[in-house]
Every structure is written in structure tokens, then in C-alpha cells.
Participant: 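Quick one: this structure, given as C-alpha cells, is what I'll be asking you about.
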Amino acid sequence: MKLIISGVVASFAAATLVSLAPTANADAGQTVTIRQSDIISGLTDVRSSGHVDFLKDGLHVYTDDATSEAKAAEYFPVAQQGIPSSASLTWFGTSPQPGSQILFDTDGDLSTQADGWNILVGEPVYGDDYWLTPSSDVYKNHHDLCPQTGGGFGGDCHGTLAQWQEALPDATVYAAGFSLGSGIKGDGVIQDIQVGDTDYRFTNEPAVHKVPVTGDATARVVAKAHYDTVKIKMVTDALGENEVQGHKLWFRVTDNGATVFHTKLGADDSADLNLAFAKGTGKHVVTVIKNGQVDQKVVVRTGRH
């Protein structure tokens with residue numbers, strides 16, 4: 001597995017690196033990129049001794065000490081689904097690693113503030129077992145639904161994801177995230193978080209937008225002694241910042257309805273066309289069509305045949 005780390009502070013480089021194997025990923029159905037703007041601000045819990053920095057490839061997560069202020073937790077939306085059959089967090093850093101977290105709803109309103117809000121926490125030290133936070137609705141009001149209630153795990157309401165699926169078949173997962181701390185001094189990089197068949201990866205690079213090519217044509221008639229010329233110039237616009245080329249721009253030119261020229265131009269491109277009509281060849285209606293729509297017409301009158 002290749003990891004590219006950008007801009008990690010010296011304290012991380014000096015830390016003892018531990019590669020903690022996450023739960024085996026399912027074959028990823030898709031990869032979703034998460035940026036700072038995707039973070040759910042109302043759930044963020046990054047305290048004064050906690051830090052989260054978006055890198056080109058991952059998240060630099062670290063705490064300064066082991067106090068109660070040493071916590072860094074963030075969450076992002078995921079596709080609504082039932083409790084997944086698998087989840088994992090890929091961490092390169094100190095031990096213990098951040099816990100992966102799955103947020104789900106049981107009352108149908110998908111509110112992080114109302115009843116029905118729940119957080120499952122997965123930590124490698126507990127294997128495939130996920131424990132429910134005490135602030136969760138199921139923990140407080142429906143403790144009889146906990147798959148297991150014995151000790152030795154992160155909480156006394158816990159179970160495997162398969163057991164949680166069976167216990168809460170109507171649950172709706174709507175967000176995922178991580179938490180380092182509180183009370184833990186740690187430093188490392190989260191490469192990705194996998195929820196079900198979707199792999200969520202992090203970056204500080206701006207999103208690139210695919211846009212259709214735009215542009216214009218100009219047509220003018222130049223009179224000569226023995227013929228008239230229609231000069232047509234077609235020019236497309238350059239791409240803006242963080243844009244990539246979508247559909248090319250299609251130009252077609254007709255003379256009295258018959259196509260005499262056509263081309264597709266990419267961004268920041270151009271084409272020139274000169275149509276010469278001899279004197280005495282009658283009336284010529286030259287039409288420039290852009291992406292299937294008439295853009296402009298010019299009429300050339302050369303006299304009778």
C-alpha cells in the first residue's frame with residue numbers, strides 16, 4: 001500500500017510508526033473524496049489540544065498531550081444505508097489509533113440533535129466488535145436491543161456489525177468519522193475510512209469540475225472584384241481554475257442549407273474558414289450553427305447566374 005504524506009510536522013516524523021491493520025476492506029464499489037467543506041460542522045469535536053489537517057492524500061490527526069482537551073473528532077456524510085457489513089479506518093501513526101465511528105438514526109428524522117441519534121465505535125483492540133456510546137438513544141432508551149452487554153469492550157452495549165444489523169434492521173446510517181482521544185497523545189495520518197462498499201479518501205486539493213466547452217464565432221463578408229468571401233472565425237474559451245474539459249463545442253457551417261464545413265473544438269482552440277463565391281452565382285445564405293442551434297447568418301448576393 002502506497003502512502004503519500006504532505007506537510008506532516010516533525011513531531012510525526014519522529015514518532016514510532018505502527019501500521020495497525022484495519023478490518024479487511026470489501027471490494028470497493030466506489031471511492032468518494034472528502035474535503036474540508038464536506039465535514040459536518042455541527043458534529044466537530046476538535047478541542048484545544050487536538051488538531052486535524054487535510055493533506056493531499058489523507059488527514060494528519062494529532063494531539064498535543066493526554067489531557068481532557070486532547071481530542072480530535074470529525075464526521076462527514078455518507079450514502080444513507082442500513083448498518084454496513086464492514087467498516088474500517090486505515091491509520092499510519094502511533095498507537096492507539098483513532099476509533100472509526102458510524103452514525104445512525106432510529107427514528108427516521110436523520111437529526112444529530114434529536115432522539116434516535118447513535119454512534120457505533122470500532123477500535124482494532126476489540127477486533128470486529130463495535131460499541132455504542134452512552135449518549136446514544138439506543139443505549140439510553142432501548143438498552144434491551146444491545147447485542148451484547150458484557151464487559152471487556154469499549155462499552156457495555158456492543159456487538160459485531162452483523163449482530164447490530166440483526167438487532168436494528170431499520171437503522172439508517174447517514175454519517176461516518178473518527179475520534180482520537182480524549183486523553184490520548186497521538187500523531188498520525190488517516191488514509192481512508194471504508195463504510196460498506198464505499199471507500200472515503202481525504203484531500204486538500206480543490207475539486208475539479210468537468211465543464212462543456214464554450215466559445216463564439218464571427219462571420220463577415222469581404223467583397224472582391226470577381227468574388228465575395230465569407231470569413232468565419234471560431235474561437236473557444238480557455239478553461240477556468242479547477243476545470244477540466246467536458247463536451248467539445250460543435251460548429252457547422254451551411255451554404256443555402258447544405259453543410260460545407262463542420263468541426264468540434266476543445267477548450268482554448270480556434271478554426272478559420274474562408275468561403276469564396278464567384279460573381280454571378282446568385283444568393284448565398286451562410287449559416288453558422290453552434291451545438292445544433294443557429295448562431296448567426298450572413299447573406300451574400302453575387303448577382304444572377
Participant: Judged by modelled atom types alone, do T133 and S136 share a side-chain donor-acceptor pair under 3.5 Å?
Facilitator: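 Yes, because at least one side-chain N or O of T133 sits under 3.5 Å from a partner of the opposite role on S136.
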Participant: Check whether any side-chain heavy atom of I190 sits under 4.5 Å from a side-chain heavy atom of P98, and report yes or no.
Facilitator: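 In short, these two side chains touch, coming nearer than 4.5 Å.
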Participant: Check this for me: does any side-chain nitrogen of one of D45 and K71 sit under 4.0 Å from a carboxylate oxygen of the other?
Facilitator: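 Salt bridge present between D45 and K71.
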Participant: How about D128 and T160: does a side-chain donor come under 3.5 Å of a side-chain acceptor?
Facilitator: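 Result is no, nothing qualifies.
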Participant: Could you point out which residue of L161, I119, I83 forms a side-chain contact (heavy atoms from CB on, under 4.5 Å) with I102?
Facilitator: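 The option that passes is L161.
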Participant: Under the ring pair (Phe, Tyr, Trp, His ring centres under 6.0 Å) test, which residues partner F202, sequence neighbours left out?
Facilitator: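 Partners of F202 by the ring pair (Phe, Tyr, Trp, His ring centres under 6.0 Å) criterion, ordered by chain and then number, come out as F76.
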Participant: Can you find a pair of side-chain heavy atoms, one from I289 and one from T254, that are under 4.5 Å apart?
Facilitator: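 Yes. Closest side-chain heavy atoms under 4.5 Å.
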Participant: Could you walk me through whether V253 and I232 pass the side chain to side chain contact (heavy atoms under 4.5 Å, CB included) test, one step at a time?
Facilitator: CA-CA 9 Å; V253 180; I232 302 172; 3.8 Å; yes
Participant: Does Q97 use its side chain to pair, donor to acceptor, with the backbone of S95 at less than 3.5 Å?
Facilitator: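 Checking the backbone N and O of S95 against the side chain of Q97, no donor-acceptor pair under 3.5 Å is found.
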Participant: With a 6.0 Å cut-off (strictly less than), is the heavy-atom count around NZ of K290, excluding the residue itself, greater than 12?
Facilitator: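 Count over threshold, so yes.
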Participant: Work out which heavy atom in G159 is nearest to a heavy atom in Q148; give both atom names and the distance.
Facilitator: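 Where G159 meets Q148 most closely, the heavy atoms are CA-NE2, 4.0 Å.
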Participant: Would you compute the distance between atom CG of D64 and atom OH of Y62 and round it to the nearest 0.5 angstrom?
Facilitator: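 Answer rounded to 0.5 Å: 6.5 Å.
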Participant: For the residue pair N291 and H247, confirm or rule out a side-chain donor-acceptor distance under 3.5 Å.
Facilitator: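 Short answer, no.
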Participant: Return the CD to OG distance between Q36 and S41, rounded to the nearest 0.5 Å.
Facilitator: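 Here the rounded value is 10.0 Å.
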Participant: Kindly determine whether Y174 and D105 satisfy side chain to side chain contact (heavy atoms under 4.5 Å, CB included), including the steps that lead there.
Facilitator: CA-CA 8 Å; Y174 62 94; D105 181 86; 3.9 Å; yes
Participant: Please find the pair of heavy atoms, one from E69 and one from R47, that lie closest to each other, and give the distance.
Facilitator: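 For E69 and R47, the tightest heavy-atom pair comes out as O-CB, 3.1 Å.
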Participant: Do D216 and V235 have side chains that approach each other closer than 4.5 Å (heavy atoms only, starting at C-beta)?
Facilitator: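 No, their side chains stay 4.5 Å or more apart.
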Participant: Is a side-chain donor-acceptor pair under 3.5 Å present for T33 with R201?
Facilitator: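 Side-chain D/A pair, R201 to T33: absent.
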Participant: Could you give the distance from CG (D187) to CZ (F92), rounded to the nearest 0.5 Å?
Facilitator: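 Those atoms lie 14.5 Å apart.
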Participant: Any idea which heavy atoms bring V195 and P84 closest together, and the distance?
Facilitator: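 Heavy atoms only, the tightest pair is CG1-CG, 3.9 Å.
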Participant: Going by heavy atoms in the side chains, are T287 and V294 under 4.5 Å from each other?
Facilitator: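 Counting from C-beta outward, T287 and V294 do come under 4.5 Å.
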Participant: So, do L265 and F251 sit near enough that their side-chain heavy atoms are less than 4.5 Å apart?
Facilitator: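 L265 reaches F251 side chain to side chain.
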Participant: Any side-chain to backbone donor/acceptor pair from T236 onto D269? Under 3.5 Å, distance only.
Facilitator: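 Yes, T236 side chain to D269 backbone: donor-acceptor pair under 3.5 Å.
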Participant: In Å, rounded to the nearest 0.5 Å, how long is the span from SG of C157 to NZ of K140?
Facilitator: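 If we round to the nearest 0.5 Å, C157:SG and K140:NZ are 13.0 Å apart.
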Participant: Working note: L55 + T203, criterion side chain to side chain contact (heavy atoms under 4.5 Å, CB included); need CA distance, chi angles, decisive distance, verdict.
Facilitator: CA-CA 5 Å; L55 309 176; T203 187; over 6 Å; no
Participant: For F153, what residues pass the ring pair (Phe, Tyr, Trp, His ring centres under 6.0 Å) criterion, not counting sequence neighbours?
Facilitator: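 If we apply the ring pair (Phe, Tyr, Trp, His ring centres under 6.0 Å) test to F153, skipping adjacent residues, the hits are Y126, H158.
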Participant: Should V286 and V299 be counted in the same cluster of Ile, Leu, Val, Met, Phe, Trp and Tyr side chains packed under 4.5 Å apart?
Facilitator: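 In one cluster: no.
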Participant: Would you say the side-chain atoms of T229 pair up with the backbone N or O of N274, donor to acceptor, closer than 3.5 Å?
Facilitator: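 Pair absent, no side-chain N/O of T229 close to backbone of N274.
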Participant: Step by step, work out the side-chain hydrogen bond (donor to acceptor under 3.5 Å, both in side chains) result for Q80 and T172.
Facilitator: CA-CA 6 Å; Q80 293 180 25; T172 301; 5.7 Å; no
Participant: If every non-hydrogen atom of G215 is compared with every non-hydrogen atom of L249, which pair is closest and at what distance?
Facilitator: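 In this case the closest contact between G215 and L249 is N-CD2, 3.5 Å.
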Participant: Drop me the distance from T281's OG1 to N256's CG, to the nearest 0.5 angstrom.
Facilitator: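 If I round to the nearest 0.5 Å, the distance is 9.0 Å.
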Participant: Is the closest side-chain donor-acceptor distance between W91 and Q191 under 3.5 Å?
Facilitator: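 On atom types as modelled, these side chains do not qualify, holding no pair under 3.5 Å.
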Participant: Answer yes or no: is there a side-chain heavy-atom contact under 4.5 Å between L120 and W131?
Facilitator: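 SC-SC contact between L120 and W131 ruled out.
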Participant: Return yes if some donor-acceptor pair links the side-chain N/O of N204 with the main-chain N/O of F54 below 3.5 Å, else return no.
Facilitator: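 Yes, the answer is positive, given that a donor and an acceptor are paired below the 3.5 Å cut-off.
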Participant: Is the shortest heavy-atom distance from the side chain of H284 to the side chain of V298 under 4.5 Å?
Facilitator: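 No - every pair of side-chain heavy atoms lies 4.5 Å or more apart.
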Participant: Side-chain donor-acceptor pair under 3.5 Å between H262 and T259, yes or no?
Facilitator: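 No, T259 and H262 have no side-chain donor paired with an acceptor closer than 3.5 Å.
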Participant: Just do the side chain to side chain contact (heavy atoms under 4.5 Å, CB included) check on V300 and T302 with the steps written out, would you?
Facilitator: CA-CA 6 Å; V300 181; T302 68; 3.8 Å; yes
Participant: Is it the case that the side chains of S86 and Q194 hold a donor-acceptor pair, with the cut-off being a distance below 3.5 Å and no angle test?
Facilitator: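 Yes, S86 and Q194 have a side-chain donor paired with an acceptor closer than 3.5 Å.
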Participant: Do other residues, nucleotides or ligands put more than 12 heavy atoms under 6.0 Å from E243 CD?
Facilitator: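 Atom CD in E243 is packed in, count exceeds 12.
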Participant: Out of curiosity, does V260 fall in the hydrophobic cluster containing V230 (side-chain heavy atoms, cut-off under 4.5 Å, transitive links)?
Facilitator: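 Yes, one cluster joins them.
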Participant: Apply salt bridge (Lys or Arg N to Asp or Glu O under 4.0 Å) to the pair K233 and D272, showing each step before the final yes or no.
Facilitator: CA-CA 5 Å; K233 186 173 185 63; D272 296 283; 3.3 Å; yes
Participant: Aromatic rings Y139 and H143: how do their planes relate, parallel, tilted or perpendicular, breaks at 30° and 60°?
Facilitator: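 Taking H143 first and then Y139, their aromatic rings stand perpendicular (interplane angle over 60°).
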Participant: Kindly give the heavy-atom pair with the smallest separation between V213 and K248, and that separation in Å.
Facilitator: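 For V213 versus K248, the nearest heavy atoms are CG2-CA, 4.0 Å.
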Participant: Let me check something: do M234 and V221 share a hydrophobic cluster, defined by ILVMFWY side-chain heavy atoms less than 4.5 Å apart, either directly or through other members?
Facilitator: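 Yes, one cluster joins them.
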Participant: So if I apply the salt bridge (Lys or Arg N to Asp or Glu O under 4.0 Å) rule between D228 and each of K279, K283, R301, R220, which one comes out positive?
Facilitator: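 Exactly one candidate clears the test, K279.
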Participant: V52 versus I39: any side-chain heavy-atom pair under 4.5 Å?
Facilitator: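 No. Closest side-chain heavy atoms not under 4.5 Å.
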Participant: For the residue pair A207 and N242, what are the closest heavy atoms and their distance?
Facilitator: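 Closest pair (atom of A207, atom of N242, distance): O-CB, 3.3 Å.
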Participant: Identify whether L132 and L145 are in the same connected component of the hydrophobic contact network (ILVMFWY, side-chain heavy atoms under 4.5 Å).
Facilitator: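 L132 clusters together with L145.
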Participant: For R35, does its backbone N or O pair with a side-chain atom of D38 as donor and acceptor, under 3.5 Å?
Facilitator: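 Such a contact is found between D38 side chain and R35 backbone.
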Participant: How many angstroms lie between atom CD1 of I184 and atom OG of S49, to the nearest 0.5 angstrom?
Facilitator: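 Those atoms lie 13.5 Å apart.
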